[in-house]
> 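Here's a structure for you.
As the structure is a prediction and not an experimental result, all values here were calculated from the model. Order of listing sets the numbers, starting from 1, for every ligand and every atom in it. Excluded from the calculations below are hydrogen atoms, water molecules and symmetry mates; all remaining heavy atoms, backbone and side chain alike, are included.
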Amino acid sequence: MKKVEAVFRPEKLECVRAALDELERAGMTVFEVKGHGVQGGVTQRWRGGDYHVGLVPKVMVMAVVYDHEVQEVIETILSTARTGAMGDGKVFVTNVEQALRIRTGENGSQAL
Ligand SMILES: Nc1ncnc2c1ncn2[C@@H]1O[C@H](COP(=O)(O)OP(=O)(O)OP(=O)(O)O)[C@@H](O)[C@H]1O
Ligand SMILES: [Mg+2]
């Protein structure tokens with residue numbers, strides 16, 4: 001199993017969620033987060049002044065998926081979350097050692 005953590009623009013959440021749900025795979029967790037990438041935030045102009053915002057609001061979708069699903073999930077996120085402008089976000093993928101369904105105690109390949 002793999003954990004996919006995707007950080008992207010909040011206005012893309014519904015689009016990404018709908019596309020992931022169409023893959024008919026299991027659940028996801030959504031976090032409201034703040035962060036910055038290599039540019040270290042954004043500078044916004046407001047009432048004639050420049051204001052630096054160091055931490056920009058983003059959302060993070062976390063989904064644990066079976067190995068055979070991971071490529072499709074990544075491609076779906078890339079194609080739905082992208083605008084082409086700086087700040088579109090990142091996708092991180094890590095290995096998951098164990099998953100358990102609390103209700104039944106099911107483990108591993110039964111748990112997602
Ligand atoms: N190395 C990182 N580790 C953890 N989170 C990150 C990292 N890089 C980016 N993020 C998260 O992703 C969000 C969006 O990052 P962003 O898309 O600006 O990355 P970038 O590398 O600056 O790319 P771009 O040049 O397209 O802006 C950040 O606000 C932060 O929450
Ligand atoms: Mg950036």
> Treating Lys58 as the side-chain partner and Gly87 as the backbone partner, does any N or O pair qualify as donor plus acceptor under 3.5 Å?
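Here the side-chain-to-backbone pair exists.
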> Met60, Val4: one ILVMFWY side-chain cluster at the under-4.5 Å cut-off?
no
> When you compare ligand 1 with His36, is there at least one nitrogen or oxygen pair between them that comes in under 3.5 angstrom?
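N/O-N/O distance below 3.5 Å exists for this pair.
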> Record the part of Met86 in heavy-atom contact with ligand 1 below 4.0 Å; permitted values are side chain, backbone, both and neither.
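For Met86, the contact with ligand 1 is made by both the backbone and the side chain.
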> Who's the nearest protein heavy-atom neighbour of atom 17 (O) of ligand 1, and how far?
Gly89 N, 2.7 Å
> Using a distance threshold of 2.8 Å, what protein N/O/S atoms lie below it relative to the Mg ion (ligand 2)?
Gln39 OE1
> Establish whether Phe31 and Val96 are linked, either directly or via other cluster members, by ILVMFWY side-chain heavy-atom contacts under 4.5 Å.
yes
> Just which atoms of ligand 1 are under 4.0 Å from any heavy atom in Gly87?
16 (P), 17 (O), 18 (O), 24 (P), 26 (O), 27 (O)
> Do any nitrogen or oxygen atoms of Ala85 lie less than 3.5 angstrom from nitrogen or oxygen atoms of ligand 1?
no
> May I ask you to check whether Gly35 has an N/O atom sitting below 3.5 Å from an N/O atom of ligand 1?
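Between Gly35 and ligand 1, an N or O pair is found under 3.5 Å apart.
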> Using 0.5 Å steps for rounding, measure from the NZ atom of Lys12 to the OG1 atom of Thr80.
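It comes to 7.5 Å.
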> Distance from Tyr51 atom OH to Arg45 atom CZ, nearest 0.5 Å?
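Reported value, rounded in 0.5 Å steps: 10.5 Å.
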> Give a yes or no on whether Val59 and Met62 share a hydrophobic cluster (residues Ile, Leu, Val, Met, Phe, Trp, Tyr; joining criterion: side-chain heavy atoms under 4.5 Å apart).
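Not linked; separate clusters.
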> Of the backbone atoms (N, CA, C, O) and the side-chain heavy atoms from C-beta on, which set of Val7 has a member under 4.0 Å from an atom of ligand 1: side chain, backbone, both, or neither?
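The answer is the side chain of Val7.
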> List the closest protein heavy-atom neighbour of atom 25 (O) of ligand 1: residue, atom name, distance to the nearest 0.1 Å.
Gln39 NE2, 3.0 Å
> May I ask you to check whether Lys90 has an N/O atom sitting below 3.5 Å from an N/O atom of ligand 1?
yes
> Checking Asn107 side chain against Leu100 main chain: does a donor-acceptor pair fall under 3.5 Å?
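Not a single qualifying donor-acceptor pair exists.
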> In the structure I gave you, are the side-chain heavy atoms of Asp21 and Met28 within less than 4.5 Å of one another anywhere?
yes
> Within less than 4.0 angstrom of ligand 1, does Asp88 place any heavy atom?
yes
> Compute the minimum heavy-atom distance from Phe92 to ligand 1 and say whether it is under 4.0 Å.
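Yes, Phe92 has heavy atoms under 4.0 Å from ligand 1.
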> Does Leu23 share a hydrophobic cluster with Val70, counting links as ILVMFWY side-chain heavy atoms below 4.5 Å and allowing steps through other members?
yes
> Can you tell me if Glu11 has over 12 outside heavy atoms packed within less than 6.0 Å of its CD?
yes
> What do you reckon, is CD of Gln39 surrounded by more than 12 foreign heavy atoms closer than 6.0 Å?
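Atom CD in Gln39 is packed in, count exceeds 12.
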